[in-house]
Number of protein chains: 2
Amino acid sequence: MEVQIAVAKVNKYASSESGDTLEIVERPNGGLSVVLADGQTSGRGAKAVSLMVVRKVIGLLAEGVRDGAAARAASDALYTERQGKVISTLNIASVDLHSRTIVLTRNNPAPMCVCLNDEINVLAEESIPLGISRNVRPFITELPIQPGLTIVIYTDGLTHAGERRGNPMNVSEVVRSVLEDQDPSPQMLADLLLEHAVRLDENRPADDISVLVLRVRSRVGDTVRRLTVRLPIEGYT
Amino acid sequence: MEVQIAVAKVNKYASSESGDTLEIVERPNGGLSVVLADGQTSGRGAKAVSLMVVRKVIGLLAEGVRDGAAARAASDALYTERQGKVISTLNIASVDLHSRTIVLTRNNPAPMCVCLNDEINVLAEESIPLGISRNVRPFITELPIQPGLTIVIYTDGLTHAGERRGNPMNVSEVVRSVLEDQDPSPQMLADLLLEHAVRLDENRPADDISVLVLRVRSRVGDTVRRLTVRLPIEGYT
């Protein structure tokens with residue numbers, strides 16, 4: 001088998017800094033975790049908050065702390081620092097080679113999609129962001145690693161796209177249509193979701209948007225680990 | 001402009017754990033850093049060392065510490081912990097959007113290649129690994145971000161490939177032939193270098209091998225940040 005992960009990310013229109021932060025960390029007992037946080041408001045302040053949350057979570061995961069405990073710790077740290085006045089969403093998607101499961105941790109009102117082949121399950125249980133109070137509980141889902149599994153996680157910029165224009169985005173419908181029509185690579189699925197949202201916002205995203213897609217497939221080919229990053233640099237063409 | 005980064009990584013033959021660790025971190029003043037460490041020996045012990053070095057460097061970079069200072073701090077921490085008995089190489093490749101430069105930090109006897117269009121420059125100045133003594137100096141190269149720039153960084157598994165069989169790899173020759181023949185994506189260049197090395201080792205890599213390619217190009221297309229990861233899972237096909 002192999003796990004493929006793709007991320008597509010844009011800033012709010014005319015904003016040079018994204019309030020969304022996403023990082024990846026190797027798990028000390030095997031596998032990796034993707035950590036995505038969306039800090040309240042946008043621009044530099046939001047960036048500082050989401051960076052702080054992601055740093056905290058990644059540092060703990062790297063020490064072998066379990067995902068749920070890392071989320072609670074980040075929430076307590078944010079609450080202590082900002083006294084409940086600033087909040088941040090958090091999603092962790094972990095490929096845990098020790099338990100041989102995918103562990104999904106969510107502190108985010110925005111739902112996420114868990115798909116097995118063509119069947120789509122929207123996980124929309126109530127989930128509150130970090131830093132809002134003491135004792136914030138993460139919502140945790142654990143799934144066996146199996147081919148055909150696709151997970152779609154996003155920040156609320158995606159669900160809010162088009163709302164201003166009374167034409168909100170139905171994320172699971174777009175996921176369904178893409179999965180039915182073709183066998184998309186994770187990057188293709190992430191790109192199509194992001195494109196759809198940006199189009200609904202008439203090419204001026206009303207918020208930072210991040211889309212993360214994780215897919216498990218039967219292994220095709222070699223045993224090489226690969227990673228690619230594309231970083232557009234503004235101010236130049 | 002856009003910066004494209006690609007990594008290809010394999011374990012030593014029949015080893016389930018790589019002693020090489022690579023992680024990416026966002027820089028607090030804009031841009032990102034790729035941090036690659038190769039811990040002494042192989043397997044679990046080497047992994048613990050390279051993970052510790054990468055964690056230390058990434059934590060400091062995330063706080064805004066400069067690359068050279070982060071490398072020195074990681075060296076001192078490793079020396080203090082292991083009394084000079086365990087060493088680790090370190091490479092940092094940073095896209096610093098504050099200074100608008102690429103900053104390359106090297107504590108690694110293995111050289112690296114800096115190419116501008118077809119011209120290849122091998123940086124092979126003597127450079128010692130972290131943790132060997134107090135006062136380890138990193139070798140730092142700072143370059144303006146400009147289209148046509150290609151940087152190739154690797155762990156010594158690449159340069160040692162084929163040595164056992166008296167047929168060592170000439171990295172810069174392979175880079176030259178690939179750059180001359182085509183306009184490769186960073187992933188293609190990283191994959192070709194890795195494939196070449198694995199072939200020289202008769203498909204049984206004698207060491208962990210990691211190849212990192214960073215390329216600056218004129219921007220083609222949108223302003224979306226993208227990231228993809230492929231993680232093969234052993235024990236399943």
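Hydrogens, waters and symmetry mates are skipped; everything else that's a heavy atom, side chains included, is used.
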Using 4.0 Å as the upper bound for N to carboxylate O, is an ion pair formed by A/Glu26 and B/Lys47?
-> yes
4.5 Å side-chain heavy-atom contact, A/Ile24 and B/Ile24 = no
Heavy-atom side-chain proximity of A/Arg225 to B/Leu231 below 4.5 angstrom | yes
What heavy-atom pair brings A/Arg219 and B/Pro232 nearest, and what distance separates the two atoms?
-> CD-CB, 3.9 Å
Output for pair (B/Ile233 CD1, A/Arg217 CZ), nearest 0.5 Å, gives 14.0 Å
Hey, what do you get for OG1 (B/Thr223) to NZ (A/Lys9), rounding to the nearest 0.5 Å?
-> 11.5 Å
So what's closer than 4.5 Å to chain B heavy atoms on A/Arg226: side chain, backbone, both or neither?
-> both
Between B/Leu214, B/Asp191, B/Val211, B/Val213, which shows the greatest number of heavy-atom pairs under 4.5 Å with chain A?
-> B/Asp191
Chain B heavy atoms under 4.5 Å from A/Arg215: which part of the residue, side chain, backbone, both or neither?
-> neither
Using non-hydrogen atoms and a 4.5 Å limit, figure out which bit of A/Asn11 sits close to chain B: side chain, backbone, both or neither.
-> neither
From the list B/Gly221, B/Ser210, B/Ala8, the residue making the most non-hydrogen contacts under 4.5 Å with chain A is B/Ala8
Looking only at heavy atoms, what is the nearest atom pair of B/Ile58 and A/Arg55, with distance?
-> CG2-NH1, 3.4 Å
Measuring heavy-atom distances to chain B, does A/Gln4 have an atom under 4.5 Å in its side chain, in its backbone, in both, or in neither?
-> both
Of all of A/Val7, A/Leu97, A/Thr21, which one pairs up most often with chain B through heavy atoms under 4.5 Å apart?
-> A/Val7
At what distance, to the nearest 0.5 angstrom, does CD1 of B/Ile5 lie from OG1 of A/Thr228?
-> 9.5 Å
Contact part of A/Ser18 toward chain B, heavy-atom cut-off under 4.5 Å: side chain, backbone, both or neither?
-> neither
Report the C-alpha separation of B/Glu195 and A/Val224 in whole Å, then their side-chain angles, then the decisive distance to 0.1 Å, and conclude whether the side-chain contact (heavy atoms from CB on, under 4.5 Å) test is met.
-> CA-CA 10 Å; B/Glu195 261 173 38; A/Val224 177; over 6 Å; no
Taking side chain as C-beta onward, heavy atoms only, is A/Arg230 less than 4.5 Å from B/Asp222?
-> yes
Heavy-atom proximity to chain B below 4.5 Å, by part of A/Leu194 | side chain
To the nearest 0.5 angstrom, please state how far the CG atom of A/Asn29 sits from the CD atom of B/Glu17.
-> 9.0 Å
B/Arg44 and A/Pro28 have their tightest heavy-atom pair at NH2-O, 4.1 Å
Indicate yes or no: at least one non-hydrogen side-chain atom of A/Glu23 is less than 4.5 angstrom from one of B/Val25.
-> yes
Atom CZ of B/Arg27: over 12 foreign heavy atoms under 6.0 Å | yes
